J.: 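Here it is, the structure in full.
Below, read A as the first sequence line, B as the second, and so on, with proteins coming before strands; counting in each chain starts at 1. Predicted model, so just to flag it, every value in this text is computed and none were measured.
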Amino acid sequence: MEKFITLTDTAVPLEIENVDTDQIIPARFLKATDKAGFGENLFRDWRFDNNDEPHPEFVLNKPEYKGSILVAGDNFGCGSSREHAAWAIKAYGFKVVVSSYFADIFKGNALNNGLLPVQVSPKFLEQLFVEITKDTSIEIKVDLEAQKISIPKKNISESFEIDPYKKTCMLNGFDDIDFLVSKLDAIKEYEQKRSQNLQATTPL
Amino acid sequence: MKKTLFDKIWDAHVVESIPYGPDILYIDKHLIHEVTSPQAFNELKERDISVFRPDQIVATADHNTPTENQHLPVKDLLSRKQLKELTQNCEENNITLYGLGHPYNGIVHVMAPELGITQPGMTMVCGDSHTSTHGAFGTIAFGIGTSQVSQVFASQCVLVQKPKKLRVNVNGKPKKGVLPKDVILYIISKLGTNSGTGYFCEYAGNVFEEMSMEGRMTVCNMSIEMGARGGLIAPDETTFEYVKGKEFAPKGEEFESAKAYWETLKTDEDAEFDQEYSFDAEDIEPMITYGTNPGMGIKITGAIPMEGGKSDAKALAYMGFKPGESLLEKPINWIFIGSCTNSRIEDFRQAAAYIKGKQKAKNVNALIVPGSRQVAAQIEAEGLREVFENAGFTLRQPGCSACLAMNDDKIPTGEYCVSTSNRNFEGRQGQGSRTILASPLTAAATAVSGKLTDFTKHLN
């Protein structure tokens, strides 16, 4: 997994609440069996009409907004567990998603793919939307080590929470599979100790 | 210390707790399907890791399968490739697969319970957010992403922070015509789509105790729609009776000893929850949604709220509705009875009981999609096929179908569909489709009248 330490970049404001993973990547694009190509279909039905013509009013189609930080409305990533949503956001070029609330499964999927979800207060989120729309070239700094997000030019900042284990993974590019495989002995021991009533179902 | 049902199951499955970090949680049953597993198998291959406990994995094909001519090769090339990869991956890794055409094939959250794979006290995961369904058995069941699917392949464990605990109580006598779907739509409409985020939800109270297993599955299924990772209901005699005799359930003495353990799976009196809500069953009426998330729900006789959330205007514009509007008498051209929320035999019995002797309205396309081959066989055996077909409904073969429109079962742009599925997100049932979530009874009544109708007037 790619490491994440710190990032300073411009941001794209997606001022919509309850963005669900069906919008991030519609189900008809989930037929792929690898992880390639999801970026081009990110927010497909908001970006393009049924004839594949871009919707000019959608923020990703506005040339003034660029950058690898996506700032989104409350409760981002709700709905389906599809990790394709995190892959699509990452493949499009975003490295950080900022919101005042993330759905559980999306948050986990993002962290497992080196995409940093930064949860801020509703007030700070509002400030971000105001500043980004006022000055589209304004830079936002995300410092994972210090767990701090700021707009250096405006001298405003806020701390954010992250699970310490996940923080270590992100800072070092570690992922969970290697960790779990290193624990196989403990897992086998657990299996042996289980009481009879907790057995898995009868063999298939 | 007093423990909740959730604590009891969770704590029994913790292999190790990482200080200031997640728990290593052991998973008893891992369910997989064609859409969220291929990249996880690839991950394993790339790292040269083998599947650790293939006996504890069961696969089905459901999301991306046609609901017609299942005996023929799948027409859509990408779908066919995805299904073929599932077959190959299962063969290579000795994983049981109930593929298309197998008598046990069906929607993952329908087939596992009806085969007795789902049992009280277990931990279960699947790369699908509606895995919460299995919580109906007093099971910790939750959806995971594909990275986690590969983690479970590699270790039969997931790394996960223990969620907080929420309890939702509903007591009282439900009104006539109120189905489990209405109960959960009501709860979500009151609490909102993110009220459960970070929580596991226990449903308690006489309303859930008196529900069938099918009804409990409908309720737990939609826990994720209020953001909760999962929902669960304490197992009781209804649960044990349902599990007993199922294909993969324990038999004889083994069943009795399992049952003795299952009976201990209930929340201790005075155990503490981080959050608790209570509702009166008398306040619940048949529900419909009017917006683009499942929290945007009203009673069928109600009006769309005048003031809503920040993004409600966008949702109403998409749906073509206005604040203050009543949706009664709204013409509807599509109805869908199916999905992991409402495609079990009880759902079809309820719909058929209403439809029997009636005809669908001319303007309506009415799609009936059973959740599994077993449900389809039961529909046949109970004579429900004739009821549906005589009324002009289309009965298809099992699968996820128009719930997420990955196959050809799509609702056309701009059309309304009264659907028994779980999500009314923009485009969920096809690009530009407009979904109104409801119970099987509401969907059946809509099909007959061709418009949203207060059918409770006609119930005795």
Side-chain angles (χ1 to χ4, degrees), chain A residues 15-18 20 22-23 26-28 30-35 45-46 50 73-75 78-84 86-87 101-106 108-109 112-113 163-166 175-181 183-184 186-187 189-191 194-204, chain B residues 12 15-16 18 20-22 24 26 28-29 35 38-39 42 49 55-56 64 78-79 81-82 85 96 117 119 121 127-129 143-147 150-151 154-157 159 161 193-194 197-198 227 229 248 250 257-258 261 293 309-311 314 404-406 413 423 425-428 431:
Chain A
E15 232 180 317
I16 303 171
E17 294 189 328
N18 302 313
D20 60 77
D22 271 81
Q23 307 316 314
R28 63 183 186 279
L30 307 187
K31 295 181 182 181
T33 53
D34 56 27
K35 294 183 186 177
D45 295 338
W46 284 352
N50 288 3
D74 196 55
N75 195 29
C78 57
S80 155
S81 63
R82 61 189 70 164
E83 194 160 313
H84 313 66
W87 300 335
Y101 213 78
F102 289 96
D104 283 336
I105 305 180
F106 175 81
N109 288 342
N112 281 334
N113 286 280
D163 175 312
Y165 165 80
K166 276 294 171 193
D175 65 34
D176 291 348
I177 295 196
D178 292 334
F179 178 78
L180 284 167
V181 169
K183 291 284 181 185
L184 281 185
I187 294 167
E189 205 176 302
Y190 166 85
E191 285 178 325
R194 285 177 62 140
S195 72
Q196 205 188 345
N197 284 330
L198 274 173
Q199 276 173 5
T201 52
T202 44
L204 295 173
Chain B
V15 174
E16 220 176 277
I18 300 163
Y20 310 107
I24 301 176
Y26 192 82
D28 294 325
K29 278 287 168 193
V35 175
Q39 292 88 350
N42 291 346
I49 298 173
D55 289 351
Q56 286 167 243
N64 196 0
L78 285 173
S79 303
K81 181 168 179 281
Q82 203 172 46
E85 279 202 26
T96 303
I117 293 167
Q119 294 168 25
D128 187 282
S129 60
I144 55 176
T146 297
S147 293
S150 54
Q151 291 161 27
S155 68
Q156 202 56 35
C157 288
L159 276 171
Q161 280 277 7
T193 46
N194 63 4
T197 307
R229 198 71 186 263
F248 300 112
S257 81
Y261 166 65
N293 73 56
K310 214 173 161 187
S311 297
K314 176 175 164 37
L404 83 168
M406 268 192 88
T413 300
R423 288 185 174 138
F425 298 152
E426 286 184 31
R428 171 80 179 183
Q431 274 176 284

J.: Non-hydrogen atoms of chain A under 4.5 Å away: do they reach the side chain of B/L78, the backbone, both or neither?
T.: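 Interface part for B/L78: both.
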J.: Which bit of B/E16 comes within less than 4.5 Å of chain A, counting heavy atoms only: side chain, backbone, both or neither?
T.: side chain
J.: Taking B/A405, B/G227, B/G198 one by one, which has the highest count of heavy-atom pairs under 4.5 Å against chain A?
T.: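 That would be B/G198.
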J.: Give a yes or no on whether the backbone of B/G145 and the side-chain of B/D128 come within a donor-acceptor separation of less than 3.5 Å.
T.: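 No, because the side chain of B/D128 does not come within donor-acceptor range (under 3.5 Å) of the backbone of B/G145.
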J.: What part of B/E85 gets within 4.5 angstrom of chain A, counting heavy atoms only: side chain, backbone, both, or neither?
T.: side chain
J.: Of all of A/D104, A/N112, A/N109, which one pairs up most often with chain B through heavy atoms under 4.5 Å apart?
T.: A/D104
J.: Using the side-chain contact (heavy atoms from CB on, under 4.5 Å) rule, pick out the option among B/I49, B/V15, B/I24 that qualifies with A/L180.
T.: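 So, applying the side-chain contact (heavy atoms from CB on, under 4.5 Å) to A/L180 and each of B/I49, B/V15, B/I24, only B/I24 qualifies.
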J.: Select one option (side chain, backbone, both, neither) describing which atoms of B/N293 are under 4.5 Å from chain A's heavy atoms.
T.: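 When you check distances to chain A, only side chain atoms of B/N293 fall under 4.5 Å.
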J.: Do you see a donor-acceptor pair shorter than 3.5 Å between the side chains of B/N64 and B/S79?
T.: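 Their side chains do contain a donor-acceptor pair, which is all the 3.5 Å distance test asks for.
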J.: Pick whichever of A/R82, A/K183, A/E15 has the most heavy-atom pairs under 4.5 Å with chain B.
T.: A/K183
J.: Could you tell me which portion of A/F106 (side chain, backbone, both or neither) has an atom closer than 4.5 angstrom to a non-hydrogen atom of chain B?
T.: neither
J.: Check whether B/I144 gets within reach of chain A through its side chain, its backbone, both or neither, counting any heavy atom under 4.5 Å.
T.: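 For B/I144, the backbone is the part near chain A, not the side chain.
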J.: What part of A/P26 lies closer than 4.5 angstrom to a heavy atom of chain B: side chain, backbone, both or neither?
T.: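 Contact with chain B is absent: no heavy atom of A/P26 under 4.5 Å.
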J.: According to ring-ring contact (aromatic ring centres under 6.0 Å, His included), who are the partners of B/F425, at least two apart in sequence or on a separate chain?
T.: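 Expected list: none.
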J.: Go through the atoms of A/Q23 and report whether side chain, backbone, both or neither lie under 4.5 Å from a heavy atom of chain B.
T.: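 The side chain, not the backbone.
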J.: Heavy-atom distance under 4.5 Å to chain B: side chain of A/A103, backbone, both or neither?
T.: backbone
J.: So for A/E191, is it side chain, backbone, both, or neither that comes closer than 4.5 Å to the heavy atoms of chain B?
T.: side chain
J.: Tell me every residue that passes ring-ring contact (aromatic ring centres under 6.0 Å, His included) with A/Y101, counting only those two or more places apart in sequence or in another chain.
T.: none
J.: State, to 0.1 Å, how close A/G79 and B/R423 come at their nearest heavy-atom pair, and which atoms those are.
T.: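 Residues A/G79 and B/R423, closest heavy atoms: C-NH2, 3.0 Å.
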J.: Are side-chain N/O atoms of B/S147 and A/E83 paired as donor and acceptor at under 3.5 Å?
T.: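 Short answer, yes.
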J.: Between B/L404 and chain A, with a heavy-atom cut-off of 4.5 Å, which part of the residue counts as in contact: side chain, backbone, both or neither?
T.: both
J.: Can you tell which part of A/N113 gets under 4.5 Å to a heavy atom of chain B, answering side chain, backbone, both or neither?
T.: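 Contact with chain B: side chain only.
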J.: What distance do B/R229 atom CZ and B/Q161 atom CD have between them, rounded to the nearest 0.5 Å?
T.: 11.0 Å
J.: Taking atom CG of A/D20 and atom OG of A/S80, what is their separation to the nearest 0.5 Å?
T.: 9.0 Å
J.: Given a strict heavy-atom distance threshold of 4.5 Å, which part of A/D176 is in contact with chain B: side chain, backbone, both, or neither?
T.: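 Both parts, backbone and side chain.
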J.: With a 4.0 Å cut-off, would you call B/K314 and B/E426 a salt bridge?
T.: yes
